[in-house]
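This report refers to the structure that appears directly beneath it.
Residue numbers start from 1 in every chain, and the chains themselves are labelled A, B, ... in the order their sequence lines are given, proteins ahead of strands. Note that the coordinates shown come from a computational prediction; the quantities given were computed from them, not determined experimentally.
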Amino acid sequence: AFSWNIVLRGISESHYPSEAFLLYKEMLIFVNFSGVSLRPDNYTFPLLLKTCAKLLLCELGHQILGHAFKMNYDRDIFVHNALIHFLVSCGELEDARKVFEESCVRDLVSWNSLINGYAKSGRAMEALRIYEEMKMEEVDPDEITMIGVVTACTQLEDLKLGREFHQDIRCRAMNMSIPLANALLDMYVKCGDLEEAKELFERMEEKTMVTWTTMVVGYAKLGHLNVARKLFNAMPEKDVFPWNAMISAYVQAQHGKEALSLFHEMQAMKVEPDEVTMVSCLSACSQLGALDVGIWIHRYIEKHNLSLNVVLGTALVDMYAKCGNIGKAFQVFREIPCRN
RNA sequence: UCUUCCGUCA
C-alpha cells in the first residue's frame with residue numbers, strides 16, 4: 001500500500017485529481033504475485049477524502065468513508081481529521097462538529113479543521129467560539145489555528161480582535177508562515193487599516209502573488225487606484241487573480257477604458273482570462289457602450305465553452321441592454337439556466 | 001506516503 005499511496009498523493013496534487021479514484025479502484029482489485037490482495041491503509045483514506053473535499057464529491061466521499069469504516073479505520077485520527085475536513089467542505093458543518101465531539105481521538109489538527117472550516121464557511125462567530133473552547137481545554141494553538149481566527153476577524157471586520165491575535169502571535173513567537181502573514185495582511189486591508197498592512201507588507205521578506213494581490217485590492221478599495229496600479233506593475237509575476245483584481249478595480253471606479261486596455265494587455269501576456277475576467281470586462285463594456293468588445297467577449301465565451309451561469313449571463317444581458325441591442329439581450333436572457 | 005491555511009466577480 002505504501003507505494004500506491006505515494007502515487008495516489010501525486011495524482012491528487014496533479015491537474016487531474018479525479019484519476020485518484022481510478023487508481024483506488026485498481027488498488028481494490030489488485031492481487032500481487034503471491035496472490036495476496038492489497039489493502040488500502042490508514043494513509044490511503046485521508047488522501048481520497050481530501051480529493052473528494054477538493055472536488056466537492058460529497059456522495060463519493062461518503063462511499064469511501066463507508067469503506068474506511070468497514071476496514072475498521074473508524075478510530076484512526078487521520079481518518080477522523082480528514083473526515084472533518086471533508087464534511088466541512090461539503091457544507092455539512094453540523095455533522096463535522098458531531099464527528100469532532102464524538103471523536104475519541106482528537107488533536108490540534110482536529111481543532112484546526114473545525115475552526116478553519118467554520119471560518120471559511122462564513123461562520124466567524126462560531127469559529128471564534130470553538131477557538132475559546134480549545135483554549136479552555138488548554139490546547140495550544142499553532143499558526144494554522146491563527147489563520148482561522150484571523151480570517152474570522154476579517155469577516156467580522158473586527159480590527160480590535162484582529163490586532164489582539166496579531167499580538168498573541170508575536171508573544172508566543174509563533175512561526176509567521178506566508179499564509180499567516182497573508183491572512184493578517186488581508187485582515188488589516190479589509191478592516192481598512194492600510195498603514196498596518198503596509199508596514200507588514202514591507203517587513204515580509206518573502207512575498208507570494210497572494211501577498212501582492214491582497215495589497216493591490218486594499219489600495220484599490222480605498223480609491224488609491226494609482227498606488228494599486230504601481231504595486232500591480234511591480235509584481236514579479238502575475239496569474240489571472242491579480243489581473244482580475246486590477247481590472248475589476250478599474251470597473252468599480254468607473255474606469256472602463258483602463259479596464260479594457262488591461263484586458264488586452266493581459267492577453268498579450270498570455271494569461272488566460274476566466275469567467276471573473278469576463279464579467280468585469282462586460283461591465284466595462286456596459287459603462288462605455290462598447291458593443292464591439294462586448295460581442296467579442298461573447299464569442300470568446302462561446303468559443304472557450306465557459307459555462308453561461310447566472311452571473312456571466314446577467315453581465316452579458318446587461319452589456320447588450322446598455323449598449324442598445326435589446327433583442328440580443330433578450331436572446332441571451334432566454335439562454336441563461338436557472339435565472340433569478 | 002496521512003489531516004488543517006491566504007487573494008479577484010454582476
Quiz item: Counting any heavy atom closer than 4.0 Å, what does P179(A) reach on the DNA or RNA strands: base, sugar-phosphate only, or nothing?
Solution: base
Quiz item: Any Lys/Arg nitrogen of R129(A) or E133(A) sitting under 4.0 Å from an Asp/Glu carboxylate oxygen of the other?
Solution: no
Exercise. Answer yes or no: side-chain N or O of T213(A) and base N or O of rG7(B) forming a donor-acceptor pair under 3.5 Å.
Key: yes
Practice problem: May I ask you to decide whether E137(A) forms a salt bridge with R106(A), counting only side-chain N to carboxylate O separations under 4.0 Å? | Solution: yes
Self-check item: V210(A) side chain, from C-beta outward: closest of rC6(B), rC5(B), rC9(B)
Solution: rC6(B)
Self-check item: Euclidean distance, atom CD1 of residue I169(A) to atom C1' of rC5(B) [Å, nearest integer]
Solution: 12 Å
Practice problem: Round to a whole Å and report the spacing from CG of D239(A) to C1' of rU8(B). | Solution: 10 Å
Practice problem: Please tell me which of the listed nucleotides, rU1(B), rG7(B), rC5(B), lies nearest to the side chain of I147(A)? | Solution: rC5(B)
Practice problem: Validate the cation-pi geometry between K50(A) and F86(A): distance from NZ or CZ to the six-membered ring centre under 6.0 Å, angle to the ring axis within 45°. | Solution: no
Quiz item: Which part of the nucleic acid, if any, lies within contact of K190(A), taking any heavy atom under 4.0 Å across all strands shown: a base, the sugar-phosphate backbone alone, or nothing?
Solution: sugar-phosphate
Exercise. Would you say whether Y43(A) stacks on rU1(B)? The test is a distance between ring centres of less than 5.5 Å and an angle between planes of less than 30°.
Key: yes
Quiz item: Taking CE from M134(A) and C1' from rU4(B), how many angstroms apart are they, rounded to a whole number?
Solution: 11 Å
Quiz item: Are any non-hydrogen side-chain atoms of L8(A) and T51(A) less than 4.5 angstrom apart?
Solution: no
Quiz item: Rounded to whole angstroms, how far apart are CZ on F45(A) and P on rU1(B)?
Solution: 20 Å
Quiz item: Closest to the R9(A) side chain: rU1(B), rC9(B), rG7(B)?
Solution: rU1(B)
Quiz prompt | Partner of L282(A) by side-chain contact (heavy atoms from CB on, under 4.5 Å), out of V317(A), L312(A), T314(A), T277(A) | solution = L312(A)
Exercise. Could you check how far CD of E143(A) sits from P of rU4(B), rounded to whole Å?
Key: 14 Å
Quiz item: Under the criteria of a ring-centre distance below 5.5 Å and an interplanar angle below 30°, is W212(A) stacked with the base of rG7(B)?
Solution: no
Quiz item: What does D318(A) touch in the nucleic acid at a heavy-atom separation under 4.0 angstrom: a base, only the sugar-phosphate, or nothing?
Solution: nothing
Practice problem: Tell me what N309(A) touches on the nucleic acid: a base, only sugar-phosphate, or nothing, going by heavy atoms under 4.0 Å. | Solution: nothing
Quiz prompt | Between rC9(B) (P) and W243(A) (CH2): distance, integer Å | solution = 17 Å
Quiz item: S283(A) versus D318(A): any side-chain heavy-atom pair under 4.5 Å?
Solution: no
Quiz item: So which nucleotide from rG7(B), rU4(B), rC9(B) ends up closest to the side chain of S248(A)?
Solution: rC9(B)
Quiz item: Name the one of L225(A), T213(A), L262(A) that satisfies side-chain contact (heavy atoms from CB on, under 4.5 Å) with F232(A)?
Solution: L262(A)
Self-check item: Out of rA10(B), rU1(B), rG7(B), whichever nucleotide has its closest atom nearest the side chain of S283(A)
Solution: rA10(B)
Quiz item: So, is K50(A) near the phosphate of rU4(B), with a side-chain N or O under 4.0 Å from OP1 or OP2?
Solution: yes
Exercise. Quick one: label I6(A) by what it contacts on the DNA or RNA (base, sugar-phosphate, nothing), any heavy atom closer than 4.0 Å.
Key: sugar-phosphate
Exercise. For Q252(A), answer base if it contacts any base atom (sugar-phosphate contacts may also be present), sugar-phosphate if it contacts only those atoms, and nothing otherwise; contact means non-hydrogen atoms under 4.0 Å.
Key: sugar-phosphate
Quiz prompt | Interatomic distance, L316(A) CG vs rA10(B) C1' [rounded to whole Å] | solution = 11 Å
Self-check item: Rounded distance (Å) that lies between atom P of rU1(B) and atom CG of D41(A)
Solution: 13 Å
Quiz item: Which nucleotide in the list rU1(B), rC5(B), rC9(B) gets nearest to the side chain of K120(A)?
Solution: rC5(B)
Quiz item: How would you label the contact of T314(A) with the nucleic acid (heavy atoms, under 4.0 Å): base, sugar-phosphate, or nothing?
Solution: base
Quiz prompt | Closest to side chain of F2(A), choosing from rG7(B), rA10(B), rU1(B) | solution = rU1(B)
Practice problem: Using only heavy-atom distances, decide whether a donor-acceptor pair under 3.5 angstrom links the side-chain of N112(A) to the base of rU4(B). | Solution: yes
